[in-house]
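Here's the structure, in structure tokens; my notes come after.
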Amino acid sequence: MAFGTDVLSKERLKTTCGEVLIAFGQIDTVLNIAGGNLPRATIGEDQTIFHLGIDDFKKVTDLNSNGTVLTSDIFGLAMANQESRVIIN
């Protein structure tokens, strides 16, 4: 069974968390493995900070940082009162 979600949408994460709870009764493990990069969000060997595409950098940091925090927040709340649980970042 697979569940799709959007790690940048608190509402979609809540929906997905509910779907998982309905299917399995509890959540034992969360793997925060969503992430990515864009070419202009990094600085190459022969580039300087002035080559950085700030809009792309913001998209990448939003996905990689905020996506992890939101997922941990929503799923962690559902897991908090369980005896056994783990979130892996």
Side-chain angles (χ1 to χ4, degrees):
M1 184 176 296
F3 299 88
T5 198
D6 176 354
V7 297
L8 296 177
S9 168
K10 196 168 193 174
E11 291 307 313
R12 185 66 189 118
L13 283 164
K14 286 179 182 179
T15 299
T16 303
C17 184
E19 292 169 350
V20 173
L21 288 171
I22 288 168
F24 296 104
Q26 70 178 34
I27 300 167
D28 298 318
T29 304
V30 171
L31 302 174
N32 277 317
I33 56 175
N37 205 353
L38 296 169
R40 295 217 47 229
T42 60
I43 302 169
E45 288 182 27
D46 46 344
Q47 294 179 319
T48 68
I49 188 72
F50 307 111
H51 292 95
L52 184 68
I54 196 66
D55 289 335
D56 287 348
F57 182 77
K58 286 179 182 179
K59 289 176 187 175
V60 168
T61 55
D62 190 33
L63 174 62
N64 294 342
S65 296
N66 296 338
T68 298
V69 171
L70 284 172
T71 302
S72 296
D73 180 42
I74 300 300
F75 281 81
L77 182 62
M79 300 165 66
N81 293 321
Q82 294 175 195
E83 191 172 311
S84 176
R85 67 217 176 253
V86 65
I87 296 175
I88 300 171
N89 294 317

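Closest heavy-atom contact between Ala34 and Val7: CB-CG1, 4.0 Å. Residue Ala23 comes nearest to Met1 through the heavy atom pair CB-SD, 3.7 Å, listed as atom of the first residue, atom of the second, then distance. When every heavy atom of Leu63 is checked against every heavy atom of Gly36, the shortest pair comes out as CD2-N, 3.6 Å. In this structure, Ser72 and Ile87 approach most closely via the heavy-atom pair OG-CG2, 3.7 Å. Here the shortest heavy-atom pairing between Thr42 and Asn37 reads CG2-ND2, 3.1 Å. Nearest heavy-atom pair, Thr48 versus Ile43, reported as atom, atom and distance to 0.1 Å: O-CG2, 3.6 Å.
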Dump the intermediate steps for side chain to side chain contact (heavy atoms under 4.5 Å, CB included) on Ile49 and Leu52, then the final yes or no. CA-CA 5 Å; Ile49 188 72; Leu52 184 68; 4.1 Å; yes
Show your reasoning for whether side chain to side chain contact (heavy atoms under 4.5 Å, CB included) applies to Ile27 and Leu21. CA-CA 7 Å; Ile27 300 167; Leu21 288 171; 3.9 Å; yes
Apply the test side chain to side chain contact (heavy atoms under 4.5 Å, CB included) to residues Ile54 and Phe57: give CA-CA distance (whole Å), side-chain angles for both, the deciding distance (0.1 Å), then the verdict. CA-CA 5 Å; Ile54 196 66; Phe57 182 77; 4.1 Å; yes
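Put simply, OG1 on Thr29 and CZ on Arg85 are 11.5 Å apart, with the number rounded to the nearest 0.5 Å. To the nearest 0.5 angstrom, Thr68 atom OG1 is 12.5 Å from Asp73 atom CG. Distance check: His51 NE2 to Asp46 CG gives 8.0 Å after rounding to the nearest 0.5 Å. Rounded to the nearest 0.5 angstrom, Asp6 CG and Leu13 CG are separated by 7.0 Å.
A single hydrophobic cluster is seen to contain both Phe3 and Phe75, as judged by linkage of ILVMFWY side chains at heavy-atom distances under 4.5 Å, directly or through other members. Both Val30 and Phe24 are assigned to one and the same hydrophobic cluster, defined by single-linkage of ILVMFWY side chains at heavy-atom distances under 4.5 Å.
Shown here is Ile33, whose CD1 atom has no more than 12 heavy atoms of other residues, nucleotides or ligands within 6.0 Å. Summarising the local packing, CG of Asn81 is surrounded by 12 or fewer heavy atoms from other residues, nucleotides or ligands at distances under 6.0 Å.
The only option from Arg12, Glu11, Lys10, Met79 that meets the side-chain contact (heavy atoms from CB on, under 4.5 Å) definition with Ile74 turns out to be Lys10.
In this structure a side-chain-to-backbone donor-acceptor pair under 3.5 Å is present from Thr61 to Lys58.
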